[in-house]
Number of protein chains: 2
Amino acid sequence: MPQFLSNNKKYYTPVEYVFSKIGGTYKMPILWRVKDRAWRYSELKKSISNVSDRMLSKNLKELCDDGFISKTIIPEVPVKVEYTMTERGQEAIPIISVLRDYGFSLMKQDGIKD
Amino acid sequence: MPQFLSNNKKYYTPVEYVFSKIGGTYKMPILWRVKDRAWRYSELKKSISNVSDRMLSKNLKELCDDGFISKTIIPEVPVKVEYTMTERGQEAIPIISVLRDYGFSLMKQDGIKD
DNA sequence: CGGAATCCGGAACGATACTG
DNA sequence: CAGTATCGTTCCGGATTCCG
C-alpha cells in the first residue's frame, strides 16, 4: 500500500487524502451550495438544517484554509460575510456530482425514496 | 435539505448515504483490490498493511451484508475463504476511480509525491 | 486460517451559552 | 450577524483474547 505524509499526518491512499480535504458530513453540502453564487453564513446555517454553529464555522474555516472557498467580509453594520467558490473548489464539483448520482442510484436499489 | 430514513438511521444527503455504505478508511481499498479477482482474507490483511483483524473482518462483513462483495467458504482443512465482487460492487468501481484520480490531482496541487 | 467478542482511549461531534 | 468557548457525549478504531 502506498503512503505519504502531509502536515505530519500519514495517508495511505489518494482517496483518503480527498476525504481529509472535503470529507465529513458538511463540507460537500457547503461546496454544493456555494458553487453557483455567494452565500452568507446565516443562509448556509438555515439551508443545512442540522448543522451546529460550531461545525459550520469549523468546516468553513477549513475549506478556506485548504483553498476550496474564499471569504469576503463586508464591513457594514451589522457585519456581512460571504463565501464564494475558488477555482480549486470548482474542480471538486464534478466529483461531488458523481457521488450524488451514485447515491441516488444506491438509494433506488435499496428502495429508498427521497 | 432533503432527508430520509434507512434502518432507523437518518440521512440528509445522497452523498452521506454513499459514505455510510462504502466510506470509512478501509472499504474502498478492499473493493479496489477485489475488483479483478478473488482475494483471500490473509491476502487482504497483508496488502492493506495497516488494517487490524477487527477492522478487516468488520468491514468485510458489512460489505457482504450490503451486497457489494460475496464470500465463498471452501471447506478444506484449514478452511479457505474467498471474497469476490458482486454486480453491485462493480458499479462502485468507477466512483472510486474518479475519487482516486481526483486525489492524485489534489496531491499534485499540494506538492505531494506518491 | 479466518475470524468474533470485549475493553478502552482519543478524536469527532452536538448543545448551549456567550461575544465582537 | 457571525462566529468562540466550554462542556458532555458518541463513536471510531486499536489492542487483546478467544474460538471452530
Side-chain angles (χ1 to χ4, degrees), chain A residues 1 3 7-13 15-16 19-30 33-34 38-66 69-84, chain B residues 1 3 7-13 15-16 19-30 33-34 38-66 69-84:
Chain A
M1 214 164 175
Q3 50 181 275
N7 297 329
N8 280 332
K9 199 195 165 316
K10 202 185 229 169
Y11 299 93
Y12 291 91
T13 69
V15 175
E16 203 176 323
F19 287 170
S20 76
K21 295 297 178 186
I22 61 170
T25 309
Y26 304 111
K27 286 185 176 175
M28 291 195 196
I30 291 170
R33 281 164 180 74
V34 174
W39 281 63
R40 299 188 52 185
Y41 182 91
S42 51
E43 285 185 296
L44 290 167
K45 179 79 199 287
K46 237 179 295 180
S47 177
I48 308 173
S49 57
N50 57 319
V51 74
S52 64
D53 280 324
R54 171 180 155 74
M55 283 299 119
L56 182 55
S57 70
K58 183 170 177 295
N59 283 296
L60 285 170
K61 182 172 184 351
E62 288 173 9
L63 285 172
C64 283
D65 291 348
D66 287 333
I69 60 177
S70 61
K71 172 178 178 171
T72 310
I73 301 177
I74 302 164
E76 302 176 353
V77 184
V79 114
K80 226 163 112 174
V81 179
E82 288 188 339
Y83 293 93
T84 53
Chain B
M1 214 166 174
Q3 51 180 274
N7 298 328
N8 281 331
K9 197 194 167 317
K10 201 184 230 169
Y11 299 93
Y12 291 91
T13 68
V15 175
E16 203 176 325
F19 288 170
S20 76
K21 296 297 180 187
I22 61 169
T25 309
Y26 304 111
K27 286 185 177 175
M28 291 195 195
I30 291 170
R33 280 164 180 74
V34 174
W39 281 63
R40 299 190 52 185
Y41 182 91
S42 50
E43 284 184 296
L44 290 167
K45 180 78 197 291
K46 237 178 296 180
S47 177
I48 307 173
S49 58
N50 57 320
V51 72
S52 65
D53 279 325
R54 170 179 156 74
M55 284 299 121
L56 182 56
S57 69
K58 185 170 177 293
N59 283 295
L60 285 169
K61 182 173 185 347
E62 287 174 9
L63 286 172
C64 282
D65 292 347
D66 287 332
I69 59 177
S70 61
K71 171 178 177 171
T72 310
I73 301 177
I74 302 164
E76 302 175 352
V77 183
V79 115
K80 223 163 114 176
V81 180
E82 288 188 340
Y83 294 94
T84 53

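Throughout, a chain's letter reflects where its sequence line sits, starting with A, and its residues are numbered from 1. Because the structure is predicted, anything quoted here is derived from the model rather than measured.
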Whether B/W39 side chain and B/R33 backbone form a donor-acceptor pair below 3.5 Å:
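Checking the backbone N and O of B/R33 against the side chain of B/W39, a donor-acceptor pair under 3.5 Å is found.
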Examine distances only and state if a side-chain atom of B/S47 and a backbone atom of B/E43 form a donor-acceptor pair shorter than 3.5 Å.
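Absent.
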Measuring from [X]:[atom1] to [Y]:[atom2], what's the distance to the nearest 0.5 Å?
X	Y	atom1	atom2	answer
A/Y41	A/K46	OH	NZ	13.0 Å
A/T72	A/K80	OG1	NZ	11.5 Å
A/K27	A/I22	NZ	CD1	9.0 Å
A/R40	A/K45	CZ	NZ	14.5 Å
A/L63	A/S70	CG	OG	11.5 Å

Examine A/F19 together with B/F19 and report whether their ring centres are nearer than 6.0 Å.
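Aromatic pair counts; centres sit under 6.0 Å.
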Send over the distance from [X] [atom1] to [N] [atom2], rounded to a whole Å.
X	N	atom1	atom2	result
B/W39	C/dG2	CH2	C1'	17 Å
A/L60	D/dT4	CG	C1'	14 Å
A/K80	D/dG3	NZ	P	14 Å
A/Y41	C/dG20	OH	P	17 Å
B/L44	C/dC1	CG	P	15 Å
A/N59	D/dG3	CG	P	13 Å
A/E82	D/dA2	CD	C1'	13 Å
B/R40	C/dG3	CZ	P	10 Å

Given the ring of B/Y11, does B/K9 sit roughly above its face, with NZ or CZ under 6.0 Å from the centre of the six-membered ring and within 45° of the axis?
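So B/K9 does make the cation-pi contact.
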Of the residues in residues 71-79 of chain A, which ones touch DNA chain C at a heavy-atom distance under 4.0 Å?
none
With respect to the phosphate group of C/dC1, does any side-chain polar atom (N or O) of B/S42 fall under 4.0 Å of OP1 or OP2?
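No, no such contact exists.
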Let me have a per-nucleotide readout for nucleotides 9-17 of chain C, 5' to 3', with B, S or -, counting only protein heavy atoms under 4.0 Å.
----BBB--
